[in-house]
Amino acid sequence: MKNLLKLASALIVLLFASCSSDDQETVIQSQSLQTKKVSNLYAPQSGGQGQPVSGDFVKFSFSTGEIVTSGDNWDIAFRGTSIIVNGGYSGTGEPAKNGNVLLATVSNTLSGVTEAPSDDSFKQDAQSAYAIPTGSGNGWYTYNPTNHVIAPIAGRVFVIKTANGKYAKFEILSYYQNAPANPLGTEPSKYFTFNYVYQPDGSKKF
């Protein structure tokens, strides 16, 4: 009888330890997926308003959380209102796109996107259109012709398959310096502020 009690106690301890380990792993994974903010990423351009657009794209990597100044390990790049991905067609004045990056657009909140969508939802830049289309209402923003304010579209989240094969999600918060809550259109522009979450383990779960 004593041996049976000892065996039962040992099994309970092992089961508890196993459950505790699983719970701890879940907590660690959850804690590692932090929402990070990039503020005032300046992405100027020359031209526009009927004139040819030029200027260098500002490249960004979700794996490092930093602007990329050299090499191919970048995921998205900004210039004016245009956002390109490191995959697909490279137009004139654009950096070479050797990262095979893919992007999908999701209608949700950033926290509401808990998993990357199906593979057929993703696309790359094409000669006819970027993966995030340009123009008011088509991609990430709307343009108010009265006050000339460019405003990110609420509930529009972008999921990225990054250059290193991982997944990230991001939402653009502002196009103006210091992200004013109610921009007037007179503030310095082309300053991107956005939130993102990067999943380092390669899974589609966020």
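Closest non-hydrogen pair, Phe206 versus Ala116, comes out as CE1-N, 4.0 Å. Considering all non-hydrogen atoms of both residues, Ala179 and Ser174 come closest at CA-OG, 3.3 Å. Across Ala168 and Thr162, no two heavy atoms sit closer than the pair CB-CG2, 4.2 Å.
In the hydrophobic clustering of this structure, Val38 groups with Val85; members are Ile, Leu, Val, Met, Phe, Trp, Tyr whose side-chain heavy atoms approach within less than 4.5 Å, directly or through other members.
Listed for the Tyr196 side chain is no donor-acceptor partner under 3.5 Å among the backbone atoms of Ile172. Formation of a donor-acceptor pair under 3.5 Å by the Gln199 side chain with backbone atoms of Asp201 is found in this model. Checking side-chain atoms of Lys169 against main-chain N and O of Val113 turns up a donor-acceptor pair under 3.5 Å. Checked by atom type and distance alone, the side chain of Arg156 pairs as donor or acceptor with a backbone atom of Gly139 at under 3.5 Å.
From Leu102, atom CG reaches atom CG of Asn100 across 5.5 Å, with rounding to the nearest 0.5 Å. Rounded to the nearest 0.5 angstrom, Gln45 CD and Ser82 OG are separated by 6.5 Å. With rounding to the nearest 0.5 Å, the separation of OG1 in Thr193 from CD in Glu171 is 11.5 Å. Residue Lys166 holds its NZ atom at 14.5 Å from NZ of Lys204, rounded to the nearest 0.5 Å. Atoms OG and CD1, on Ser136 and Ile150 in that order, are 8.5 Å from each other to the nearest 0.5 Å. Atoms OG and CD1, on Ser90 and Ile84 in that order, are 7.0 Å from each other to the nearest 0.5 Å.
Looking at Thr81 and Lys190, their side chains never come closer than 4.5 Å, going by heavy atoms from C-beta outward. Annotation: side chain of Pro152 is not in contact with side chain of Tyr141 (no heavy-atom distance under 4.5 Å). When side chains are defined from C-beta on, Phe158 does not count as touching Ile83, because their heavy atoms never get closer than 4.5 Å. Within the 4.5 Å cutoff, no side-chain heavy atoms of Thr105 are placed close to those of Pro117. Taking 4.5 Å as the limit, every side-chain heavy atom of Phe192 sits out of range of all side-chain heavy atoms of Ser39. Looking at Val101 and Ile160, their side chains come closer than 4.5 Å, going by heavy atoms from C-beta outward. Two residues are said to be in side-chain contact when any heavy atoms from C-beta on lie closer than 4.5 Å; Ser203 and Tyr167 fail this criterion. Taking the side chain as every heavy atom from C-beta outward, Leu103 and Val159 never approach each other to under 4.5 Å.
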Side chain to side chain contact (heavy atoms under 4.5 Å, CB included) between Thr35 and Leu110: does it pass, once the steps are laid out? CA-CA 9 Å; Thr35 299; Leu110 189 67; 3.9 Å; yes
Item to check | Check against side chain to side chain contact (heavy atoms under 4.5 Å, CB included), Val68 and Phe60 | outcome: CA-CA 5 Å; Val68 176; Phe60 182 83; over 6 Å; no
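Salt-bridge annotation for Lys205 and Glu115: present, with a side-chain N of the basic residue lying under 4.0 Å from a carboxylate O of the acidic one.
Listed by first then second residue, pairs satisfying salt bridge (Lys or Arg N to Asp or Glu O under 4.0 Å) with a partner in residues 93-109 read Glu94-Lys97, Lys97-Asp125, not counting sequence neighbours.
A ring-ring contact (aromatic ring centres under 6.0 Å, His included) with Tyr175 is found for one member of Tyr143, Trp140, Tyr191, Tyr42 and no other, namely Trp140.
Heavy-atom contacts from other residues, nucleotides or ligands closer than 6.0 Å to NZ of Lys59 number more than 12. Annotation for Asp56: atom CG does not count as buried by contact number, only 12 or fewer foreign heavy atoms lying within 6.0 Å.
Counted by atom type alone, Asn178 and Glu187 present zero donor-acceptor pairs between their side chains at under 3.5 Å.
Applying the ring pair (Phe, Tyr, Trp, His ring centres under 6.0 Å) criterion to Tyr89, with sequence neighbours excluded, gives no partner residue.
Ring planes of Phe194 and Phe170: perpendicular class, angle over 60° (limits at 30 and 60°).
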Listed pairs under 3.5 Å, donor-acceptor, residues 70-80 side chains, sequence neighbours left out:
from  : atom 1 : to     : atom 2 : distance (Å)
Asp75 : OD1    : Ala163 : N      : 2.8
Asp75 : OD2    : Phe62  : N      : 2.8
Arg79 : NH1    : Gly55  : O      : 2.9

